[in-house]
Number of protein chains: 2
Amino acid sequence: MLDDALPEPDLESRVNDRDHQALKLWLRLLACTTRIEDQIRQRLRADFGTTLPRFDLLAQLERHPDGLSMRELSQRLMVTGGNVTGITDQLEAEGLVQREPHPSDRRSFTVKLTAAGRRQFKRMAATHEGWIVELMAGWDKEQKSQVYELLAGLKTHLAETTRK
Amino acid sequence: MLDDALPEPDLESRVNDRDHQALKLWLRLLACTTRIEDQIRQRLRADFGTTLPRFDLLAQLERHPDGLSMRELSQRLMVTGGNVTGITDQLEAEGLVQREPHPSDRRSFTVKLTAAGRRQFKRMAATHEGWIVELMAGWDKEQKSQVYELLAGLKTHLAETTRK
DNA sequence: TATTGTTATACTCTATAACTATA
DNA sequence: TATAGTTATAGAGTATAACAATA
């Protein structure tokens with residue numbers, strides 16, 4: 001098997017000969033994504049002094065120039081409200097985002113990127129994409145396309161299966 | 001696009017129309033694996049009162065009946081030594097593993113599963129595999145096989161690319 | 001000197017629950 | 001009553017660095 005040629009032990013090495021297809025696939029999938037994610041975290045910290053959750057929050061705001069409420073951010077980032085408060089506090093202290101009062105609901109805010117936040121995110125996003133291109137270079141264009149389409153099916157299944 | 005039919009916003013929704021193939025693929029990949037991993041963590045906690053790192057450590061020991069040193073565990077689990085000490089302490093307190101003195105090197109231990117640890121791990125592993133089968137059921141056998149083979153290429157590339 | 005493992009410390013991310021202000 | 005957001009707290013997981021014992 002191709003894989004036995006790889007000397008480095010890692011999370012996938014937890015798999016056993018008797019194990020079944022789904023499990024083997026999952027462990028290999030996990031090994032790959034973990035490795036990429038670790039790289040991204042390391043590089044975000046080293047090059048930009050930031051973290052993946054902070055980057056993710058900025059990315060959501062960049063997609064929504066009109067801003068998002070704390071609750072919407074919480075849903076999109078899939079974390080609880082208290083955490084969004086914390087991350088938003090940090091980003092606001094860095095001057096990258098700001099809370100604006102909601103026009104009609106005085107309980108709520110609209111969180112938006114500042115001009116500085118937008119500039120900074122654009123810089124980070126461009127670099128980040130370069131990292132991804134580099135890390136995914138193990139697949140050619142056609143292979144990427146194949147996996148992308150295959151993942152659509154898995155994603156749909158997960159959305160239907162994993163409520164809460 | 002198939003994906004626009006999915007209403008639920010998640011991490012993949014950070015992607016933008018102008019973004020490129022590698023990035024879109026990565027975000028979809030990350031969304032799927034994160035979702036599965038979150039499920040596994042939740043279920044390990046709910047059903048067995050344990051965590052993924054603890055499960056992973058037991059899995060490594062199950063594959064190595066002769067035991068592993070702390071250093072080997074650290075490498076295989078890809079975490080620093082201090083963390084392995086902590087996780088091993090917990091598992092030892094639960095009676096699932098034990099440290100045995102290394103025969104020739106008095107600085108070192110060999111960590112092994114206890115009989116209880118082996119029994120408990122077998123139970124957990126069987127349940128765990130059922131979860132994985134369920135969560136990966138979005139792909140049929142042929143699709144699983146395809147992705148498995150494709151991942152081999154990515155994994156090799158990552159092993160060659162991401163040294164520290 | 002280098003290595004094995006432990007300890008101490010600190011930081012990030014996370015969830016839960018109690019709380020306030022408003023709807 | 002319900003909802004938006006905050007605060008407080010606790011716990012898991014991680015890294016770093018200083019340390020003791022041994023090689």
Side-chain angles (χ1 to χ4, degrees), chain A residues 11 30 34-35 37-46 48-58 67-94 97-112 164, chain B residues 11 30 34-35 37-46 48-58 67-94 97-112 164:
Chain A
L11 292 175
L30 185 60
T34 299
R35 190 142 200 165
E37 203 180 344
D38 285 353
Q39 284 289 313
I40 299 300
R41 287 184 197 275
Q42 268 185 293
R43 296 179 186 189
L44 278 176
R45 175 161 305 283
F48 296 110
T50 194
T51 64
L52 202 45
R54 266 179 269 192
F55 182 79
D56 285 343
L57 194 152
L58 294 179
L68 293 169
S69 70
M70 299 298 276
R71 187 162 170 282
E72 287 169 326
L73 281 170
S74 166
Q75 290 173 333
R76 285 172 186 280
L77 299 173
M78 297 189 288
V79 296
T80 52
N83 299 310
V84 175
T85 297
I87 298 173
T88 303
D89 285 350
Q90 295 171 342
L91 292 172
E92 196 162 30
E94 295 171 34
V97 309
Q98 65 187 57
R99 290 171 167 94
E100 293 178 6
H102 186 100
S104 62
D105 186 339
R106 288 193 308 175
R107 294 170 306 180
S108 183
F109 306 108
T110 302
V111 186
K112 292 184 183 175
K164 175 63 193 167
Chain B
L11 292 176
L30 184 60
T34 300
R35 190 141 200 165
E37 205 181 343
D38 284 352
Q39 284 289 311
I40 299 300
R41 287 183 197 276
Q42 268 184 250
R43 295 179 187 190
L44 278 177
R45 175 162 305 282
F48 296 109
T50 194
T51 64
L52 200 44
R54 266 179 270 191
F55 182 80
D56 285 344
L57 194 152
L58 294 178
L68 294 169
S69 69
M70 300 298 276
R71 188 163 169 281
E72 287 169 327
L73 281 169
S74 165
Q75 290 172 333
R76 285 173 186 280
L77 299 172
M78 297 191 289
V79 297
T80 53
N83 299 309
V84 175
T85 297
I87 298 173
T88 303
D89 286 349
Q90 295 171 341
L91 293 171
E92 198 163 29
E94 295 170 34
V97 309
Q98 64 186 60
R99 289 170 168 94
E100 293 178 4
H102 186 99
S104 61
D105 186 338
R106 290 194 306 177
R107 292 171 307 181
S108 183
F109 305 110
T110 302
V111 186
K112 291 184 183 175
K164 179 58 192 166

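A note on names: the letters A, B, ... follow the listed sequences, proteins ahead of strands, and every chain is numbered from 1.
Atoms CG and CD, from A/L52 and A/Q42 in turn, are 12.5 Å apart once rounded to the nearest 0.5 Å.
For C/dT14, the OP1/OP2 oxygens have no side-chain nitrogen or oxygen of A/T80 closer than 4.0 Å. Dashed line: the shortest gap from a side-chain N or O of A/R99 to OP1 or OP2 of D/dT6 is under 4.0 Å. Applying the 4.0 Å criterion to OP1 and OP2 of D/dA4, one finds that A/S69 has every side-chain N and O outside that range. In terms of phosphate contacts, A/T85 brings a side-chain nitrogen or oxygen within less than 4.0 Å of OP1 or OP2 of D/dT6.
One atom, CG of A/L73, and another, C1' of D/dA4, lie 13 Å apart when rounded to the nearest Å. Distance CD (A/Q75) to P (D/dG5): 10 Å, rounded to an integer number of Å. What separates CE of A/M78 from C1' of C/dA15 is a distance of 15 Å, to the nearest Å. Counting to the nearest Å, the C1' atom of C/dC13 and the CD atom of B/E37 are 14 Å from each other. Between the P atom of C/dT3 and the NE2 atom of B/H102 lies a distance of 16 Å, rounded to the nearest Å. Atom-to-atom, CG of B/L57 to P of D/dT14 comes out at 11 Å; the value is rounded to the nearest Å. In this structure, the CG atom of A/L77 is 12 Å from the P atom of C/dC13, given to the nearest Å. Whole-Å rounding puts the A/E72 CD to D/dT3 C1' distance at 14 Å.
For B/R106, there are no salt bridge (Lys or Arg N to Asp or Glu O under 4.0 Å) partners, not counting sequence neighbours. The salt bridge (Lys or Arg N to Asp or Glu O under 4.0 Å) check on B/D105 picks up B/R107, with sequence neighbours excluded. With sequence neighbours excluded, the residues satisfying salt bridge (Lys or Arg N to Asp or Glu O under 4.0 Å) with B/E37 are B/R41. Checked against side-chain hydrogen bond (donor to acceptor under 3.5 Å, both in side chains), A/T51 has the following partners two or more places apart in sequence or in another chain: A/R54. Taking the salt bridge (Lys or Arg N to Asp or Glu O under 4.0 Å) definition, one finds that B/R71 meets it with nothing, sequence neighbours left out. Residues passing the side-chain hydrogen bond (donor to acceptor under 3.5 Å, both in side chains) test with B/T85: none are found, sequence neighbours excluded. A search for side-chain contact (heavy atoms from CB on, under 4.5 Å) contacts involving A/V79 returns A/L77, A/N83, A/V84, not counting sequence neighbours.
With hydrogens and angles ignored, the 3.5 Å screen pairs a side-chain donor or acceptor of B/E92 with a backbone N or O of B/R99.
For the pair B/F109 and A/G81, nearest-nucleotide mapping onto DNA chain C gives the more 5' position to B/F109.
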When you compare the protein's N or O atoms with those of nucleotides 9-13 of chain D, which come within less than 3.5 Å of each other, and at what distance?
unit_1: D/dG13; atom_1: OP1; unit_2: B/T51; atom_2: OG1; d: 3.0
unit_1: D/dG13; atom_1: OP2; unit_2: B/T51; atom_2: OG1; d: 3.4

Tell me, for nucleotides 17-23 of chain C in 5' to 3' order, what letter each nucleotide earns: B for a base near a protein heavy atom under 4.0 Å, S for only sugar-phosphate near one, - for neither? ----BBS

